[in-house]
Amino acid sequence: MNKKKYTAAAMLLAATLAAAPHADAAASKTASSQAAESAAAQSPALDWRVKLGGGVTATLKQADVWQQNGDSVAVFTLQYKNAGKAAARLVTYFPKAVLPGGSVKAANPISKDLAKKKVEPGQSLTVTYYVKTDTPSLSGMKLAMDVWNPKVKGYLERVGSYRLPSNYSAAVASGVNAKLSLSGTPVTVKSESLEIIKYDGKVIARVGLSMTNNGSSAWSDRGYDPFLVTKSGSSFRLQREAGPEGTPIQPKERKLVYYITEVPTYLKPSGLRFLWTETDEALKLSLPVGSFRLPAATAPKWDVPAGAAKSLTISGQPVEARIRQATLRSSGDQGIWNIEMAFKNKGKKTAKVPAYEYAIKASEGSYHPYAPGDPGGLMLTLRPGQEKTLTLEISLPMELKQDRLKLQMIEASGDERTPSPPAGQEEPGGSTGSDAPSKASLPLAYFSIPYQTERQSSIGVEYAPQSAGGFAYTLESIQRLPWQDTDLIVAKLRLRNTHETNALQLPELKADVTADEKTVLASPEVIAGEQGSLIAPGASTEVSVLAKIPYTKDIRTLRFKLFAQQESVKTPFLTLTTPGHTQSIELLEKGKPYTVTTAGKRAEAQERRTLIYEGADSDIIYSELTLTSGEARRVQAALLKGYFQGTDGKIYEADTVQPETPIQPGGKQSVVFWARVPKGTAGSLGLALGTAMSGGKLAEPGKDVSGVLGVKKMQLNPVRPAASSNLAGLDWYPYSISVTKATGHLQEGSSSISMNVTMDVKRTDNSITAADAGHKLILTIKDTLGQTQERILTPGTDIQVPGTRTLSFEMTDEQYKKLKGGWFTLTLADEFQNERITLGSQSYNVTFYPNVVEPPEE
């Protein structure tokens, strides 16, 4: 009989277990983490402890309910303790939920707890159960516990029941720490803040939670879905400000983590709570994990006083943002603000500042956004302790109150931290919102802008550094120079390292140059010999900025922006504004050389001679300079570039002829400048010359020249050389030429005169290197009858260089048969660009040779 009873009881137990959904549910991985004992400890209204027999008790630790897909799911956690001597099998315990309508439903373990089968003696175990209900509230629900007992009718014995308090809430009180086990990591969580933000026609809720990782490995909240829940049970999906990956929290680290969502304008901000849910993949259910009451809603504190910093958390690192300085200048009816935003990484790891949006908010209510050319240029990477500066230029009407402005810093548009839009209607117990991030963004701070008009930099005055760890600067000169069909603006700066002990690196610099706030100057270049080098404490270095502007353009102001650029990111270095008037070119005293002061190129250029080649309709001015190296090594000499300028201001661009070969210490080069000018003007011209530049550095031979630096004007001594009355020691630079002998022979009755001319050629200075400027040595022979013959004498071919060579010529004319003697004139001329200067002329006799009459033979 007993055996039959036992068999029947076993069959009934098997049938009961088979009917339970958890009996055959596959144990699979879920993200489910339970709010265990400490969460329940924060709900003193829960008070149910039931004895299960054999020294085993079950205590209710937590209960909650969550609506989804039109249904509701209640969860509760029981803690089993075994004080007996034998293991307690959980399959013999049957927790149930009695719904307010009276229906009874079996409670089944969530998927993760299916593997929990028994409680060993002296041990405890928590199991979370779920029950599908028809109400989104726990009010009126009763929990019951049956145990297997083959001695009672139906084999199940009711050992206890408990009605949940009608006013029970699973939410942890605001400001109270709750210790949760999340993804196997012990985490302490506390609700800190609730901000209701009205911005851009929307209402945004921003929830702040404090989280402390008590585990031994990094943890983040990315496995949990956050919601904002109202008193009525309506919910709004929250977005993580840190992005979809959540905020990583290191072991023993505490962080303040924020969530945001858009809510309807009519939502009452009282009685709200924060809820984490987790998806049980096997059950296809979303289960509540942790719930926290939120404090009373407050408005955000965005205002930052002038000079103060706003504390941000970027990439998990504390970063301070502040307005370093702000200056105002006027342009017509517009005020142009130049604002320097400084970001400093106060953390121990690298932080990447995103491309925030910026706008000036006027006290009159209008907004004036900053429109960057490249939004990527607003992103910064900060090493620990590093500070970097962004420069913003924003224009707004001058009629606004300039001393009551604020700079609005806004989250980057389209950031995944931004909230999703709410549904059109709030439904009780419903979940609104979308998982897709919206394009909305929130202000982070309103910085009060200090009122300061922008100063204009004066020449010769040193100004303090414009950025942390920067250089003091002095505008040493600013020139406007003729350059082909444009003008060249050249600003020379001196930078000084003001540090007493630290060397500063001069970055690779670029520049933008603007005239009168609207004309962008073309082809800006920065020339700095020490770019990329360390500048010693107290030491100075020179930087020049070149840019081109139409020569017809009048200038009232000039604005220079120097910056370092890495990829698309521009890091401001120095910004200055100057009046539009420029300095006149320095006029060198007569006879004083032009000096090249650039290290490695030091040299002096001295006028040797300036010639005027007179033409029929125009003249050529030709200036020859001797460049002497001042370096101690063999170097490539600086390339010189110049132009001739008259007293009336007219400019004649000069062609330059300069050797491309390097120059030895103390060595000399002949450098030629020439230009074709209107007749009669050459005698009053001066030569303005400077050092040629290309691609931001001194120009190299064979490269296109883009600008010129260090321009000064030489006073010239132009001459029209008089022709020598003889052909001895003629100056055909760099040669001295002499005709040492010239003879002519005419045979009686001959129609030809034969001439022999002996020429001696010497170099006047073997230490000078000269390039071929295109001069030609022309020999003209004029006979007794006035007829002429010309010949180009080529050095090395027709004449020996150096040395002596005799040339033979012959002139033929039938009239020579009638002559009994005569003369011929030799003239040597220097021809340049088809214009000539006569060097000298001399006449020589023709020796007549009569025919000899043979005496008749006897």
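Any value given below was found using the heavy atoms of this structure, including those in side chains, with hydrogens, waters and symmetry copies removed.
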Q: Please identify each residue that fulfils salt bridge (Lys or Arg N to Asp or Glu O under 4.0 Å) with R763, with sequence neighbours left out.
A: none
(Q) I need the minimum non-hydrogen distance between V719 and P721, along with the two atoms involved. (A) O-CD, 3.5 Å
Q.
We want to know whether T827 and T780 form a side-chain donor-acceptor pair, criterion being a heavy-atom distance below 3.5 angstrom.
A. no
(Q) Check this for me: does any side-chain nitrogen of one of E614 and R720 sit under 4.0 Å from a carboxylate oxygen of the other? (A) yes
Q.
Using a 3.5 Å distance criterion without hydrogens, assess whether the side chain of T577 forms a donor-acceptor pair with backbone atoms of Q456.
A. no
**Q.** Under 3.5 Å side-chain donor-acceptor pair for D830 and W732
**A.** yes
(Q) Determine whether the aromatic ring centres of residues F573 and F563 are separated by less than 6.0 angstrom. (A) no
**Q.** Pair K641 + D704: basic N to acidic O under 4.0 Å
**A.** no
Q) So does Y463 have more than 12 non-hydrogen atoms from other groups sitting under 6.0 Å from OH? A) yes
Q: Take E748 and K817 through the salt bridge (Lys or Arg N to Asp or Glu O under 4.0 Å) test and state the conclusion after the steps.
A: CA-CA 7 Å; E748 183 182 359; K817 295 179 180 180; over 6 Å; no
Q. Between the main-chain N or O of E476 and the side-chain N or O of T474, is there a donor-acceptor pair closer than 3.5 Å?
A. no
**Q.** Side chains of L687 and K713 in contact at under 4.5 Å (non-hydrogen atoms)
**A.** no
Q.
Restricting to non-hydrogen atoms, name the atom on E624 and the atom on S670 that form the minimum distance, rounded to 0.1 Å.
A. CG-OG, 3.8 Å
(Q) I need the minimum non-hydrogen distance between A742 and L826, along with the two atoms involved. (A) CB-CD1, 3.9 Å
Q. Do you know which two heavy atoms are closest between P524 and A511, and how far apart they sit?
A. CG-O, 3.3 Å
(Q) I'd like to know if the side chain of Q658 reaches the main chain of A638, judged simply by a donor and an acceptor atom lying under 3.5 Å from each other, with no hydrogens or angles considered. (A) yes
Q) Judged by atom type as modelled, is there a donor-acceptor pair below 3.5 Å linking the side chain of R494 to the main-chain atoms of G460? A) no
Q. Got a sec, which residues hit salt bridge (Lys or Arg N to Asp or Glu O under 4.0 Å) with K510, two or more places apart in sequence or on another chain?
A. none
Q. Using 4.0 Å as the upper bound for N to carboxylate O, is an ion pair formed by D760 and K762?
A. yes
Q | Student check: side-chain heavy atoms of K492 and E542 closer than 4.5 Å | A | yes
Q: Indicate yes or no: at least one non-hydrogen side-chain atom of T541 is less than 4.5 angstrom from one of L506.
A: yes
Q) Yes or no on side-chain contact (heavy atoms from CB on, under 4.5 Å) for M755 and H745, after CA distance, side-chain angles and deciding distance? A) CA-CA 6 Å; M755 288 164 283; H745 306 279; over 6 Å; no
Q: Test T764 against Y733 for side-chain contact (heavy atoms from CB on, under 4.5 Å), laying out the working first.
A: CA-CA 7 Å; T764 55; Y733 192 77; 3.8 Å; yes
Q) Can you find a pair of side-chain heavy atoms, one from T578 and one from F560, that are under 4.5 Å apart? A) yes
Q. Roughly how far apart are S694 OG and K703 NZ, rounded to 0.5 Å?
A. 7.5 Å
**Q.** Residues E525 and S706: side-chain donor-acceptor under 3.5 angstrom
**A.** yes
Q. Is K590 paired with E607 through a side-chain N to carboxylate O contact shorter than 4.0 Å?
A. no
Q. Would a line drawn from the ring center of Y622 to the ring center of H775 be shorter than 6.0 Å?
A. yes
Q.
Whether the Q334 and S395 side chains hold a donor-acceptor pair (N or O, under 3.5 Å, no angle test) is what I'd like checked.
A. yes
Q: I would like to know whether T825 and S843 meet side chain to side chain donor-acceptor pair (under 3.5 Å); could you show each step before the answer?
A: CA-CA 4 Å; T825 300; S843 297; 2.7 Å; yes
Q: Would you mind reporting whether T486 and I549 have side-chain heavy atoms less than 4.5 Å apart?
A: no
Q. Does CG belonging to D617 count more than 12 external heavy atoms closer than 6.0 Å?
A. no
Q) side-chain contact (heavy atoms from CB on, under 4.5 Å) between E810 and I753: does it pass, once the steps are laid out? A) CA-CA 6 Å; E810 185 176 87; I753 297 177; over 6 Å; no
Q. For I612, does its backbone N or O pair with a side-chain atom of D619 as donor and acceptor, under 3.5 Å?
A. no
Q. Within the distance-only criterion (no hydrogens, no angle test), does the side chain of S724 pair as donor or acceptor with the backbone N or O of N726 below 3.5 angstrom?
A. yes
Q) Is the shortest side-chain N to carboxylate O distance from E393 to K561 below 4.0 Å? A) yes
(Q) Within this structure, what is the CG-CD1 distance for the pair L627 and I663, rounded to the nearest 0.5 Å? (A) 5.5 Å
Q) Is a donor on one side and an acceptor on the other found under 3.5 Å between the side chain of Q669 and the backbone of T628? A) no
Q: Report yes if the side chains of L574 and L495 come closer than 4.5 Å at any heavy-atom pair, otherwise no.
A: yes
Q: Return each pair, listed once, that meets ring pair (Phe, Tyr, Trp, His ring centres under 6.0 Å) where at least one residue sits in residues 674-698; pairs must be two or more places apart or across chains.
A: W674-F832
Q. If we ignore angles and hydrogens, is there a donor and acceptor under 3.5 Å between the side chains of Q747 and N851?
A. yes
**Q.** Residue pair S752 / T812, side-chain donor-acceptor N/O under 3.5 Å
**A.** yes
Q) Hey, what do you get for CE (M714) to CD (E586), rounding to the nearest 0.5 Å? A) 12.0 Å
(Q) Side chains of Q606 and T626 only: does a donor on one sit below 3.5 Å from an acceptor on the other? (A) no
**Q.** F673 to G642 - nearest heavy-atom pair and separation
**A.** CE2-N, 3.7 Å
Q: Report, as yes or no, whether the 6.0 Å neighbourhood of atom NZ on K548 holds more than 12 heavy atoms from other residues, nucleotides or ligands.
A: yes
**Q.** R496 with E462: basic N within carboxylate O range, under 4.0 Å
**A.** yes
Q) What heavy-atom pair brings K679 and A616 nearest, and what distance separates the two atoms? A) CD-O, 3.3 Å
Q | With F848 via ring-ring contact (aromatic ring centres under 6.0 Å, His included) - residues at least two apart | A | none
Q: Taking Q715 for its side chain and L588 for its backbone only, find out whether a donor-acceptor pair lies under 3.5 Å.
A: yes
Q | Set of salt bridge (Lys or Arg N to Asp or Glu O under 4.0 Å) partners for E589, sequence neighbours left out | A | none
Q: Dump the intermediate steps for side-chain contact (heavy atoms from CB on, under 4.5 Å) on R805 and M759, then the final yes or no.
A: CA-CA 6 Å; R805 177 170 292 178; M759 303 185 70; over 6 Å; no
**Q.** I585 side chain near Q479 side chain, heavy-atom distance below 4.5 Å
**A.** yes
Q) Quick one: OG on S736 to CG on D731, what's the gap to the nearest 0.5 Å? A) 7.0 Å
**Q.** Where at least one partner belongs to residues 787-797, residue pairs that pass salt bridge (Lys or Arg N to Asp or Glu O under 4.0 Å), sequence neighbours excluded
**A.** E790-R836, R791-D798
Q: May I ask you to test the L689-L625 pair for a side-chain heavy-atom distance under 4.5 Å?
A: yes
Q) Would you call R559 and D516 a salt bridge, using N to O less than 4.0 angstrom? A) no
